[in-house]
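Worksheet: one structure, shown below.
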2 protein chains.
Amino acid sequence: MAINNVEALFAETLNETDLTGKQKDVLRASLSLFSEKGFSQTSTPDIARLAGVSEGTVYKQFKTKEGILRAILAPVVQNVFPKAADEFATDVLEVSYPSLETFLTSLVENRLNFIVDNQKQLRVLLQEVLFNEGLVQQIRTAFMERVYGPIDSALSHYRDNGEIVNWQTGRMIRYVVSTVVSYGIQIIMMPEFTVDTKASTKEIVEFLMRGLKV
Amino acid sequence: MAINNVEALFAETLNETDLTGKQKDVLRASLSLFSEKGFSQTSTPDIARLAGVSEGTVYKQFKTKEGILRAILAPVVQNVFPKAADEFATDVLEVSYPSLETFLTSLVENRLNFIVDNQKQLRVLLQEVLFNEGLVQQIRTAFMERVYGPIDSALSHYRDNGEIVNWQTGRMIRYVVSTVVSYGIQIIMMPEFTVDTKASTKEIVEFLMRGLKV
DNA sequence: ATAATATAAGTGAGTGCTCACTCACTTGTT
DNA sequence: AACAAGTGAGTGAGCACTCACTTATATTAT
């Protein structure tokens with residue numbers, strides 16, 4: 001049974017910065033409100049109240065409301081894909097290629113856990129990508145540079161070995177991502193229900209193996 | 001090559017109401033702006049300017065900005081699922097069950113075309129479901145009552161015949177929906193690129209057949 | 001057929017409120 | 001004493017919405 005440790009993770013991220021205690025309070029309050037109500041429906045007086053600071057404090061470090069949003073999302077955007085790529089390199093592909101099932105299991109479980117760990121930020125990110133084309137471009141670039149490459153290498157390996165269907169990488173990634181997201185959306189939209197990431201991983205991989213394996 | 005006929009469809013919907021010309025202008029302008037900028041980032045002066053009416057006119061019929069949003073989304077929420085169910089009954093299941101592939105092809109193509117036809121409203125709906133729990137509940141209820149039943153019947157038929165895997169209906173629906181949505185998201189997020197719905201349908205069905213068929 | 005009257009639709013200046021943000025000042029830290 | 005962090009009243013802008021008035025349309029009387 002996976003435990004929702006988004007608070008712990010965000011707290012860890014905050015601890016790594018040299019912000020004052022009150023500035024960290026501002027970020028925590030902002031994330032909560034942006035996640036619950038949306039960026040636009042959250043006012044800076046709201047943030048000040050929840051953080052227990054003055055309105056001027058809200059602007060001291062981040063200059064604008066938009067700056068607060070960037071401070072919250074930048075770590076997610078910059079870390080989600082590099083982290084995936086790095087973990088891939090060290091944990092999954094560094095030694096000889098594992099079986100396809102092991103590869104998919106590792107990938108899927110890793111991403112489900114990431115969704116569990118970052119669900120508030122992902123909820124904020126989700127609403128932002130609808131109208132923030134700069135952010136969409138940023139995510140797309142990071143994805144192509146840091147994630148597509150390693151997975152392309154892995155899938156090419158299995159394809160060249162005749163283990164999986166001879167489809168374009170983009171197409172296969174689309175199916176993997178959309179199946180993971182269909183479980184991930186439940187985590188993001190209904191945080192009151194804990195999702196068994198191990199059981200979910202098993203179901204996802206079972207379906208993907210059937211869909212992709214020769 | 002599918003043509004984006006959302007304007008034609010929305011125009012048809014408007015023609016079916018007894019609203020005045022200026023009121024219809026208000027709705028058209030509202031949909032465009034809500035879709036492009038989001039509900040919160042759209043102001044009622046914005047709507048008045050684009051519709052070419054006075055600010056008071058914006059409120060004449062719909063009373064509040066929120067009322068305009070409801071007027072736009074209600075037809076989508078009330079029609080998307082009933083339409084799916086009705087079309088299923090008359091076009092797909094009325095005669096004897098077709099082959100699994102024909103069934104999936106019909107379903108997938110129908111839903112992709114619906115996404116194409118309603119992409120602006122779906123874009124608005126997407127942002128609303130993030131924070132409007134009433135709307136989410138409404139969609140969920142409509143889905144369970146009008147869509148789940150017919151698809152459950154169909155999938156039970158194929159399962160009982162030993163044609164597909166012995167998985168729960170909810171699980172299989174999740175995979176169908178998420179795969180369709182992975183193509184549909186491209187339609188919604190990047191309307192400047194037309195999506196070949198027939199080719200997409202073929203790819204989707206190929207993957208789903210592999211994933212579900214025994 | 002035309003004029004008068006009633007009703008509906010539309011108008012846009014104005015309202016009260018809240019917003020994002022500022023900055024002179026106070027408090028806390030080094 | 002100097003500097004940094006925090007404060008909160010105040011600012012200008014723009015919001016959603018109102019409403020007294022104007023214009024357009026429909027109905028009725030002549």
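Computation of the quantities below employed the complete heavy-atom set of this structure, encompassing side-chain atoms and omitting hydrogens, waters and symmetry-equivalent molecules. So you know, we letter chains A, B, ... as the sequences are listed, proteins then strands, and number each from 1.
Checked against D:dC17, C:dC21, D:dT7, the side chain of A:T64 finds its nearest nucleotide in C:dC21. Here the nucleotide nearest the side chain of A:T57, chosen from C:dG14, D:dG10, D:dG6, is D:dG6.
Projected onto DNA chain C by closest heavy-atom contact, A:R49 and A:G56 fall at different nucleotides, the more 5' of which corresponds to A:R49.
In this structure, OH of B:Y59 is placed 4 Å from C1' of D:dA16, rounded to the nearest angstrom. Rounded to a whole Å, the CD atom of B:E55 is 16 Å from the P atom of D:dC19. Between the CD1 atom of A:I47 and the P atom of D:dG6 there is a distance of 15 Å, rounded to whole Å. Rounded to an integer number of Å, the gap from A:K37 NZ to C:dC19 P is 9 Å. Taking atom CG of residue B:D18 and atom C1' of nucleotide C:dA8, one finds them 13 Å apart after rounding to whole Å. Distance B:D46 CG to D:dC15 C1': 11 Å, rounded to the nearest Å. Distance, B:K65 NZ to C:dT18 C1': 14 Å, rounded to whole Å. Atom-to-atom, CG of A:D25 to P of D:dT7 comes out at 10 Å; the value is rounded to the nearest Å.
Between B:Q23 and the phosphate of C:dG10, there is a side-chain N or O to OP1/OP2 separation shorter than 4.0 Å. Distances shown here put a side-chain N or O of A:S43 below 4.0 Å from the OP1 or OP2 atom of C:dC19. For the OP1/OP2 pair of D:dA4 and a distance below 4.0 Å, the side-chain nitrogens and oxygens of A:T20 include no atom meeting the criterion. Taking side-chain N and O atoms only, B:K22 has a distance below 4.0 Å to OP1 or OP2 of C:dT11.
Relative ring orientation between B:Y158 and B:F103 is described as tilted, the plane-to-plane angle lying within the 30° to 60° band.
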- Task: Verify ring pair (Phe, Tyr, Trp, His ring centres under 6.0 Å) between B:F207 and A:F207, making sure each step is shown before the conclusion.
- Result: CA-CA 10 Å; B:F207 176 65; A:F207 175 65; 5.3 Å; yes
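Using a 4.0 Å heavy-atom cutoff across all strands shown, A:T42 reaches sugar-phosphate atoms only and no base atom. The residue B:V53 sits close only to the backbone: its heavy atoms come under 4.0 Å of sugar-phosphate atoms, none of a base.
Side-chain N/O atoms of A:K60 and base N/O atoms of D:dG6 include a donor-acceptor pair closer than 3.5 Å. With hydrogens and angles ignored, a donor-acceptor pair closer than 3.5 Å exists between the side chain of A:S54 and the base of D:dG8.
For the side chain to side chain contact (heavy atoms under 4.5 Å, CB included) with B:I151, the qualifying choice from B:V177, B:I173, B:V176 is B:I173, the only one to do so.
At most 12 heavy atoms of other shown residues, nucleotides or ligands fall within 6.0 angstrom of atom CD in A:Q168.
Figure legend: cation-pi geometry between B:K65 and B:F39, with NZ or CZ positioned under 6.0 Å from the six-membered ring centre and within 45° of its axis.
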